[in-house]
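See below for the structure under consideration.
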There are 4 protein chains.
Amino acid sequence: MAGERVQPATLSRSEAALVASEGKAPRTERGRKTLRAILDAAAIEFGEKGFHEGSISGITRRAGVALGSFYTYFDSKDAVFRALVRDMSDQVRDHVAPAIRAAPDQIAAERAGLSEFIAFVRGHKEIYRIIDEAEFVDPESFRLHYATTADRIAARLKAGAARGEIRADISDVHAWAIMGMNVFLGLRYGVWQDDVSPEAVADSIAEMLARGIGTK
Amino acid sequence: MAGERVQPATLSRSEAALVASEGKAPRTERGRKTLRAILDAAAIEFGEKGFHEGSISGITRRAGVALGSFYTYFDSKDAVFRALVRDMSDQVRDHVAPAIRAAPDQIAAERAGLSEFIAFVRGHKEIYRIIDEAEFVDPESFRLHYATTADRIAARLKAGAARGEIRADISDVHAWAIMGMNVFLGLRYGVWQDDVSPEAVADSIAEMLARGIGTK
Amino acid sequence: MAGERVQPATLSRSEAALVASEGKAPRTERGRKTLRAILDAAAIEFGEKGFHEGSISGITRRAGVALGSFYTYFDSKDAVFRALVRDMSDQVRDHVAPAIRAAPDQIAAERAGLSEFIAFVRGHKEIYRIIDEAEFVDPESFRLHYATTADRIAARLKAGAARGEIRADISDVHAWAIMGMNVFLGLRYGVWQDDVSPEAVADSIAEMLARGIGTK
Amino acid sequence: MAGERVQPATLSRSEAALVASEGKAPRTERGRKTLRAILDAAAIEFGEKGFHEGSISGITRRAGVALGSFYTYFDSKDAVFRALVRDMSDQVRDHVAPAIRAAPDQIAAERAGLSEFIAFVRGHKEIYRIIDEAEFVDPESFRLHYATTADRIAARLKAGAARGEIRADISDVHAWAIMGMNVFLGLRYGVWQDDVSPEAVADSIAEMLARGIGTK
DNA sequence: AATGAATGAGAATTCATTCAT
DNA sequence: GATGAATGAATTCTCATTCAT
């Protein structure tokens with residue numbers, strides 16, 4: 001988990017925006033690289049040690065830059081963390097979205113979403129430490145992440161209902177339930193153990209959902 | 001959330017055991033009261049501020065005892081936290097168990113369990129901060145709590161299946177899914193907002209489960 | 001070193017005096033035993049851990065009495081330590097004196113003194129930790145111990161000179177030199193290693209002294 | 001004693017090595033100065049108050065730097081102390097060595113060594129507090145200091161014996177004896193009182209040694 | 001932009017000593 | 001006399017942040 005590259009080596013548009021929102025966009029190519037190095041290092045540091053145990057000096061050491069350079073790009077420890085949470089949140093969404101869109105119907109979409117999610121998590125185990133710790137470090141990000149995710153699911157279900165693939169009486173409650181299932185299944189079968197394949201897990205759940213909220 | 005009594009005013013047997021496991025059981029009545037005060041104060045302090053922002057001096061101030069008295073009963077900040085996690089975990093279980101046992105069938109049991117859980121959480125909002133933060137402070141407790149809870153659910157489902165109330169093909173995956181649903185529904189409808197009643201939430205889910213894993 | 005009884009099980013006259021000088025002589029038999037237990041425990045505790053690392057609670061735990069009981073017999077941590085230093089100092093003197101007195105001449109006396117000293121130290125290794133630490137804890141005791149010891153040696157040498165066994169030009173300088181030799185030889189061949197017997201060490205030194213300050 | 005300069009104002013090679021061994025060598029000139037100031041201040045603080053009574057804040061106050069700066073250069077209170085013991089130990093050796101080397105024969109060398117030692121000690125009275133307290137704070141340094149010193153003396157005596165200036169039957173025992181004499185004579189005539197000149201003390205001892213272990 | 005030294009507020013922890021029972 | 005809980009001053013160590021070079 002620790003060693004893996006968490007993000008591409010250059011800043012994408014949305015990442016630049018994200019960083020800019022914390023106030024300090026790099027102007028030169030050299031600066032861009034330093035920022036990238038710091039961001040990657042922060043994901044590793046916080047993923048390994050958590051926010052409170054992780055340190056700025058740990059980040060800069062990993063990034064191979066001087067301590068002071070950190071403050072060229074971020075205003076505070078909280079700021080990198082916030083940027084990271086948003087970044088991770090976006091990554092999950094971006095990674096899972098295509099499979100969901102490609103699914104033939106809504107139940108299949110949920111199966112694909114869960115399966116992809118678990119698979120993604122296996123390659124990014126730090127994601128739980130980072131997003132969950134936001135509950136304590138930056139509750140706003142935490143709420144935003146889950147509220148947004150639940151909304152997305154609710155919207156999907158609604159659309160599925162409109163298409164007649166999902167029972168009409170589903171609601172936000174179901175969206176939150178599905179999100180909760182996914183999160184814990186990701187923790188259990190993605191982060192903690194991989195004794196069951198993502199597909200097998202997703203199949204079980206999809207079957208339950210098909211009967212539970214599907215229209216047959 | 002902060003002001004509520006989290007535990008009874010005397011140490012029950014299991015609480016005594018719990019504390020003793022951290023090493024320093026009181027030998028006099030006076031000591032018993034002080035320990036109780038510290039434990040209650042710790043639940044409030046950590047519930048309000050979280051583990052890292054909470055302080056020993058905050059705990060002893062709330063408990064109305066001297067700073068040093070804390071160390072008469074606990075070896076460290078981590079130690080109270082561990083004791084607290086275990087305590088909260090036990091409380092949830094103890095609170096929810098009777099309703100589950102009293103239910104006529106397995107689906108009704110899950111409904112009752114969720115409903116009670118949300119209701120309990122509304123009166124103990126600090127429970128999320130404490131148990132979830134264990135992921136970072138004392139991962140072992142965290143794992144233990146969720147692994148134990150999932151096992152308990154799995155055992156219930158298995159028993160239900162044996163009685164023919166639950167489909168035979170359910171597995172641990174379903175137990176983790178149900179736990180995840182419950183946790184997030186508790187967060188959304190217990191801690192964050194109470195725009196929907198626990199019963200209504202539980203009804204929706206129970207219906208889905210009845211179709212999804214029930215035998216009709 | 002730790003387990004050995006450092007003093008007899010009852011208080012001798014001088015010990016009683018010594019303790020009384022710290023202010024709190026026991027009145028009952030029960031009290032006498034408790035005091036004895038505390039004194040023994042203190043020698044072990046300080047011998048093992050040193051003054052600063054040693055603790056009152058460590059002493060009372062070893063003595064098998066309650067923490068508070070310590071203050072029934074001593075006014076402070078310093079007070080036991082002072083009592084102990086004086087006690088150890090007296091013990092060395094009392095142990096070594098007979099052999100010195102019994103020696104046929106002054107050089108033989110020095111040999112006997114050194115030999116006995118090393119032997120004694122082997123059975124009471126804590127003596128160095130306690131007496132030497134007095135330099136930092138209670139400098140007065142430390143000075144007193146060494147000044148007294150040096151004086152005693154000087155007096156012996158003078159008497160020897162008067163009897164014609166020792167050169168007439170010896171002085172305090174020689175007394176301090178002899179004491180220094182003895183102390184370091186005790187440390188090296190008594191406490192640290194016992195690869196050479198006390199007698200062999202004493203023989204070497206006696207020979208040197210015979211030529212160096214003896215009259216042949 | 002407290003105010004005297006204990007070490008030169010810049011870091012010598014060996015000092016740099018010594019400090020580096022504790023892990024944090026300065027990289028800039030400014031850093032070098034700060035480290036020097038801390039080291040000097042520590043010698044004064046510990047010399048005056050001893051290790052346990054001395055405090056980090058006392059050191060940084062004397063050094064005129066912020067409390068935290070201490071930790072830029074040392075990992076702990078123990079670490080400075082260790083560095084200091086090693087430093088003092090080296091200083092004594094370096095100070096005394098030239099006089100020993102310049103002496104015409106081995107007995108003269110011992111006289112010169114003792115004389116210089118006492119003189120040095122008069123100007124660095126803190127040396128005893130620091131080296132002796134190592135027995136309790138960092139026994140390894142303590143052992144090392146004395147074992148090394150004794151070895152050095154033994155080697156000198158052996159060389160003297162090879163040249164026929166010293167009797168052939170001298171051994172480690174004599175080396176330890178001589179070291180012990182020197183240490184206590186330094187304490188008595190260097191630190192405690194200066195009623196006898198270093199030369200006079202050294203003359204007395206040299207005469208004793210000439211007869212005792214010399215070949216005439 | 002980069003560097004790394006300096007800063008100091010903040011918190012956990014220890015333990016001698018007191019005292020009510 | 002004995003007990004052990006309570007007290008709180010004192011200290012070490014951490015680390016985010018600032019700033020001079």
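Note that these values count all heavy atoms, side chains included, but never hydrogens, waters or copies made by symmetry. We name chains A, B, ... by the order of the sequence lines, and we start the count at 1 in each one.
Phosphate proximity of dT11(F) to Ser57(D): absent, as no side-chain N or O sits under 4.0 Å from OP1 or OP2. Dashed line: the shortest gap from a side-chain N or O of Thr28(C) to OP1 or OP2 of dG1(F) is under 4.0 Å. At dA6(E), one or more side-chain N or O atoms of Tyr73(D) fall inside 4.0 Å of OP1 or OP2 (strictly under the cut-off). Contact annotation: Ser69(B) side-chain N/O to dT7(F) OP1/OP2 distance is under 4.0 Å.
Here the straight-line distance linking atom CG of Asp138(D) with atom CZ of Arg82(D) works out to 5.5 Å at 0.5 Å rounding. How far CD1 of Ile44(B) is from CZ of Arg62(B): 6.5 Å, rounded to the nearest 0.5 Å. Put simply, CG on Leu39(B) and OH on Tyr73(B) are 12.0 Å apart, with the number rounded to the nearest 0.5 Å. Distance check: Ser141(D) OG to Glu133(D) CD gives 12.5 Å after rounding to the nearest 0.5 Å.
Between the P atom of dT7(E) and the CG atom of Leu67(A) lies a distance of 15 Å, rounded to the nearest Å. In this structure, CG of Leu35(D) is placed 15 Å from C1' of dG4(E), rounded to the nearest angstrom. The distance from atom CD1 of Ile38(D) to atom C1' of dA5(E) is 11 Å, rounded to the nearest whole Å. When rounded to the nearest whole Å, the span between CZ of Arg61(C) and P of dA5(F) equals 13 Å. When the P atom of dT14(E) is taken as reference, atom NE2 of His52(C) falls 17 Å away, rounded to whole Å. Rounded to an integer number of Å, the gap from Phe74(B) CZ to dT14(E) P is 15 Å. One can place CZ of Phe81(A) at 13 Å from P of dA16(F), the figure rounded to the nearest angstrom. Between the P atom of dT17(E) and the OH atom of Tyr71(C) lies a distance of 4 Å, rounded to the nearest Å.
With a cut-off of 3.5 Å on both pairing distances, the Watson-Crick and G-U wobble pairs of DNA chain E assemble into stems of 3 or more at E:2-21 with F:2-21.
Of all nucleotides listed (dA16(E), dC13(F), dA5(F)), dA16(E) comes nearest to the side chain of Lys77(C).
Where Phe70(C) and Val65(B) each meet DNA chain F at their nearest nucleotide, the meeting point lying more 5' is that of Phe70(C). In this structure, Arg30(D) and Phe51(B) both approach DNA chain E, and ranking their closest nucleotides by distance from the 5' end singles out Arg30(D). DNA chain E is contacted by both Glu53(B) and Gly68(A); Gly68(A) maps to the nucleotide lying nearer its 5′ end (nearest heavy atom per residue).
Only one option out of Phe51(D), Phe74(D), Phe136(D) pairs with Phe81(D) in a ring-ring contact (aromatic ring centres under 6.0 Å, His included); it is Phe51(D).
Across all strands shown, Ile56(D) has heavy atoms under 4.0 Å from sugar-phosphate atoms exclusively, and none from any base. Residue contacts for Gly54(C): at a heavy-atom cut-off of 4.0 Å it reaches the sugar-phosphate backbone alone, with no base atom in range. Using a 4.0 Å heavy-atom distance criterion, Ser55(B) is classed as a sugar-phosphate-only contact.
Side-chain N or O atoms of Lys49(B) include none that pairs as donor or acceptor with a backbone N or O of Ser55(B) at under 3.5 Å.
With a 4.5 Å cut-off on side-chain heavy atoms, Ile59(D) and Phe46(D) count as touching.
A salt bridge does not link Glu53(A) to Arg129(A): none of the charged side-chain nitrogens sits closer than 4.0 Å to a carboxylate oxygen.
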